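Just follow the structure's listing: the first ligand is 1, and inside any ligand the first atom is 1. Just so you know, these numbers come straight off a predicted model, no measurement behind them.
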Amino acid sequence: MIKIMPIYGTRPEAIKMAPIIQELKRSALFDCVVTVTGQHRAMLDQVNELFGISPSHDLNIMRERQSLTSIMARTLVGLEEVFAEDRPDVVIVQGDTTTSTAAALVAFYHKIPVVHAEAGLRSGDMHSPFPEEANRKLTSQISSLHLAPTAISRQNLLREGVASDKIVVTGNTVIDALMHVVEKDVSFLDERLQFLVDSGRKLLLVTTHRRENIGDGMKNIGLAVAKIANTHPDLMVIFPLHLNPAVREVILPFLMDHNNIYVTQPLSYGEFTKVLGASTIVLSDSGGVQEEAPSLGKPVLVMRTNTERPEAVVAGTVRLVGTDSALIVHEVNMLLCDADHYSRMARAVNPYGDGLAAARSLAAIGHMLGFGERLPDFDVSDVVLGASTKAAK
Ligand code: UD1
Ligand code: UDP
C-alpha cells in the first residue's frame, strides 16, 4: 500500500481535506496517515470531529496571536520529526495557509512528492490576500501534482509554466463536503439560533477574518453592519465570530447593544451550512464561503477588493464590495430593496464543483503513481447548464 499523508492545520483546510480523507479510507491502494499541525485548535477539532477523523500525528502548534513566522517554524520542525518516525510516500496539502506551504516545503526537502489540492488560485496581488497569495505560489513551485478546482485555476498554472500533464481539474472538494453535510439532520446546540433559522425572518450572515482587513478595514465592516442593523430592524444579523483575538477586539465594540445582531462562537460546519441555507444575504471576506453560498443560491457580497475566485463573480452571484462602509451598506440595501436585483444574484450556480472532486483527486494521484486512469476533468459547463435549466423551471 502507498502511505499517503494529508497534512493540514486550519478550519477551511480540514473541511476541504475531509472528503479526500474519506475517499482515501475507502481505497485499497492507499494507507492514509492524517497529520495536523493544529495551527487552529478549537476550529480544527470541530471539523475533524464532525467528519470522524482522528489524526495520527498532531503538532499542536497554535499559540494565541501567533505570528506567521512561528506557524512556519513550528511546522517545519514538527514535521521533520514526524517524517523521521513515519515517512510517507506522498504528501497532500490543501490551499494556501502557512501550514500548507510549510508542509509542502518539508516534503520537498525530503524528496517526497507533494500533491497540491486547490492549486492555481490567483488574485494577482501578493499583498491580498496576505500571505495566502504568496503561500499558494510557493506551493505550486514545489508540487508534483496540481489539483486545480476549475479551468481558470488550470490556466493560471499553465501561464506560470506548470506542465499540462501535471494539472488535473477536479472541482473543489468544498462542494463534496457541502453536499455531505447539507443532507444531514443538524440540530443547533444554541436554541436561539435554531429559532432564528426556523423563523422565516430575513437573515444577513456575516463573517470576517482576513489578516489584511484587521485594522481599518474591519472597523469599517463593523460600522457598516451596525448601520445595516439600525436601518433594517426587521433584518436579523447572524455573526459567527472567528476566534482570532485581533479580529474580536476590533469588531465586537461595533456589534454590542443591537437587538438584531446575534454574535456567536464559530459554528460547527453542519450548523454553519444550515444558517447559510436559511440566509437572505451573505457578507464575508472568506474564501470557502464564496464557494459554498452560490451553490445554495445565496448572494454574496465579498468584503475584499479582489478575489482568486472569479467564477461566481462572472456568474453574477458574487460581488466585490471592498471594505468601504458606505458601499457595503449601499449594496446590502440594494439587495434588500430591489427584488429584481436580488433574484438576479440569488441563482444557484455551481462553478466550483459537482461533488466528485475527491474521487477525481484520488484517481489523479493513483495515475501519477502508475496505478489506473484519471477521471475526466470537472467541466463547469455541465453544472452551469444544469443550474440554469433548474432556474428556468
Ligand atoms: C488562517 C490562515 C488563513 C485562513 C484562516 C481560516 C494563514 C497565514 N492564515 O488565518 O489563510 O483563511 O486561517 O480561518 O495560514 N485562534 C484560536 N483558536 C482557533 C483558531 C484560531 O484561538 O481554533 C486564534 C489564535 O489566537 C491564533 C489566531 O486565532 O493565534 C490566528 O490564527 P491564525 O491561524 O494565525 O490566522 P487566521 O487569521 O485564522
Ligand atoms: N465555517 C464554519 N463555521 C463558521 C464559519 C465558517 O464551519 O462559524 C466554514 C465555512 O462554511 C467554510 C469555511 O468555514 O467552509 C471557511 O473558513 P474561513 O472563512 O475561516 O477560511 P477561508 O475559507 O477564508 O480560508
Side-chain angles (χ1 to χ4, degrees), residues 8-19 36-51 60-72 74-75 93-103 118 121 129-136 139 172-178 180-182 186 188 190 193 205-214 218 238-249 263-277 279 282 284-293 295-296 298 300 302-304 307-309 352:
Y8 56 99
T10 66
R11 170 172 67 191
E13 292 167 84
I15 291 167
K16 292 171 174 179
M17 198 69 100
V36 294
T37 62
Q39 176 179 334
H40 283 174
R41 188 69 280 164
M43 287 159 58
L44 170 75
D45 296 346
Q46 209 175 20
V47 181
N48 280 338
E49 211 172 285
L50 176 73
F51 287 95
N60 200 21
I61 64 163
M62 195 194 89
R63 296 293 179 273
E64 186 159 330
R65 295 174 195 268
Q66 59 205 357
S67 69
L68 298 175
T69 311
S70 87
I71 303 169
M72 176 61 81
R74 286 172 193 278
T75 302
V93 300
Q94 200 288 331
D96 51 23
T97 66
T98 295
T99 281
S100 62
T101 301
E118 199 182 72
L121 274 64
F130 177 87
E132 289 82 3
E133 178 79 353
N135 281 347
R136 53 199 173 212
T139 302
N172 199 311
T173 55
V174 78
I175 303 299
D176 302 31
L178 183 65
H180 177 80
V181 293
V182 290
V186 174
F188 288 89
D190 176 344
L193 213 47
L205 175 62
V206 190
T207 78
T208 179
H209 72 82
R210 294 248 81 82
R211 264 185 162 74
E212 66 275 10
N213 280 347
I214 296 175
M218 229 165 255
I238 301 184
F239 204 139
L241 199 50
H242 195 285
L243 291 179
N244 189 346
V247 170
R248 300 177 82 87
E249 69 199 13
V263 178
T264 73
Q265 295 296 316
L267 300 176
S268 74
Y269 188 50
E271 292 173 317
F272 187 80
T273 53
K274 282 284 173 292
V275 177
L276 190 59
S279 294
V282 182
S284 181
D285 60 12
S286 162
V289 175
Q290 281 178 67
E291 295 156 341
E292 293 159 343
S295 169
L296 298 179
K298 304 298 169 182
V300 191
V302 174
M303 299 182 291
R304 293 178 43 188
T307 182
E308 57 290 306
R309 294 166 169 91
Y352 299 110

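Judged purely by distance below 3.5 Å, without hydrogens or angles, the side chains of Ser286 and Thr207 never pair a donor atom with an acceptor atom. Side chains of Asn60 and Arg41: a donor on one and an acceptor on the other come within 3.5 Å. No side-chain N or O of Gln46 forms a donor-acceptor pair with one of Ser268 less than 3.5 Å apart. Between the side chains of Gln39 and Thr10, no donor-acceptor pair is found at a separation under 3.5 Å. Side-chain polar atoms of Thr208 and Asn213 form no donor-acceptor pair below 3.5 angstrom. In the model, Tyr269 has a side-chain atom that pairs as donor or acceptor with a side-chain atom of Glu292 under 3.5 Å. At a cut-off of 3.5 Å, with distance as the only test, a side-chain donor of Thr99 or Thr37 sits close to an acceptor on the other residue.
When only non-hydrogen protein atoms are considered, atom 11 (O) of ligand 1 lies nearest to Glu132 OE2, 2.4 Å. Among all protein heavy atoms, the one lying closest to atom 39 (O) of ligand 1 is His40 NE2, 2.7 Å. Closest to atom 29 (O) of ligand 1, if we only count protein heavy atoms, is Asn244 CA, 3.2 Å. Atom 30 (O) of ligand 1 has Arg63 O, 2.7 Å as its closest protein atom, hydrogens excluded (heavy atom only).
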For ligand 2, which of its N or O atoms have a protein N or O partner closer than 3.5 Å, and how long is each gap?
from: ligand 2; atom 1: 3 (N); to: Arg11; atom 2: NH1; distance (Å): 3.4
from: ligand 2; atom 1: 3 (N); to: Leu267; atom 2: O; distance (Å): 2.8
from: ligand 2; atom 1: 8 (O); to: Leu267; atom 2: N; distance (Å): 2.8
from: ligand 2; atom 1: 11 (O); to: Glu292; atom 2: OE1; distance (Å): 2.7
from: ligand 2; atom 1: 11 (O); to: Glu292; atom 2: OE2; distance (Å): 3.2
from: ligand 2; atom 1: 14 (O); to: Arg11; atom 2: NE; distance (Å): 3.3
from: ligand 2; atom 1: 15 (O); to: Glu292; atom 2: OE1; distance (Å): 3.4
from: ligand 2; atom 1: 15 (O); to: Glu292; atom 2: OE2; distance (Å): 2.5
from: ligand 2; atom 1: 19 (O); to: His209; atom 2: NE2; distance (Å): 3.3
from: ligand 2; atom 1: 19 (O); to: Ser286; atom 2: OG; distance (Å): 2.7
from: ligand 2; atom 1: 20 (O); to: Arg11; atom 2: NE; distance (Å): 3.4
from: ligand 2; atom 1: 20 (O); to: Arg11; atom 2: NH2; distance (Å): 2.8
from: ligand 2; atom 1: 21 (O); to: His209; atom 2: NE2; distance (Å): 3.4
from: ligand 2; atom 1: 23 (O); to: Ser286; atom 2: OG; distance (Å): 3.4
from: ligand 2; atom 1: 23 (O); to: Gly287; atom 2: N; distance (Å): 3.4
from: ligand 2; atom 1: 23 (O); to: Gly288; atom 2: N; distance (Å): 2.7
from: ligand 2; atom 1: 24 (O); to: His209; atom 2: NE2; distance (Å): 2.9
from: ligand 2; atom 1: 24 (O); to: Arg210; atom 2: NH1; distance (Å): 3.1
from: ligand 2; atom 1: 24 (O); to: Ser286; atom 2: OG; distance (Å): 3.4
from: ligand 2; atom 1: 24 (O); to: Gly287; atom 2: N; distance (Å): 2.8

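Taking all atoms of both residues into account, the shortest heavy-atom contact from Arg65 to Pro245 is NH2-CB, 3.6 Å.
Every atom of ligand 1 with a heavy atom of Pro12 under 4.0 Å away is listed here by number and element: 6 (C). Close contacts between ligand 1 and Pro131 involve ligand atoms 8 (C) [criterion: under 4.0 Å to a heavy atom]. Residue-ligand proximity, Ile71 to ligand 1, at heavy-atom distances under 4.0 Å covers atoms 35 (O). Annotation for ligand 1: atoms under 4.0 Å from non-hydrogen atoms of Leu68 are 8 (C).
In this structure, Val181 and Val186 have side chains that are not in contact, with every pair of non-hydrogen atoms separated by 4.5 Å or more. Between Val302 and Ser284 the shortest side-chain heavy-atom distance does not fall below 4.5 Å. For the pair Asn135 and Thr98, the minimum side-chain heavy-atom distance is below 4.5 Å.
Counting heavy atoms only, Arg211 comes closest to atom 38 (O) of ligand 1 of the residues Arg211, Arg210, Gln66, Arg65. Closest heavy-atom approach to atom 16 (N) of ligand 1 among the candidates Arg41, Met62, Gln39, Glu13: Met62. Of the listed residues (His209, Met43, Arg136, Gln46), the one carrying the non-hydrogen atom nearest atom 23 (O) of ligand 1 is Met43.
Looking at ligand 1, you won't find any N or O of Arg11 less than 3.5 Å from one of its N or O atoms.
Looking at Pro129 against ligand 1, nothing comes within 4.0 Å, counting heavy atoms.
With hydrogens and angles ignored, the 3.5 Å screen pairs no side-chain donor or acceptor of Ser70 with any backbone N or O of Gln66. At distances below 3.5 Å, not a single donor-acceptor pair connects side-chain atoms of Lys16 with backbone N or O atoms of Gly95.
Judged by the shortest distance from any of its heavy atoms, His242 lies inside the 4.0 Å radius around the atoms of ligand 1.
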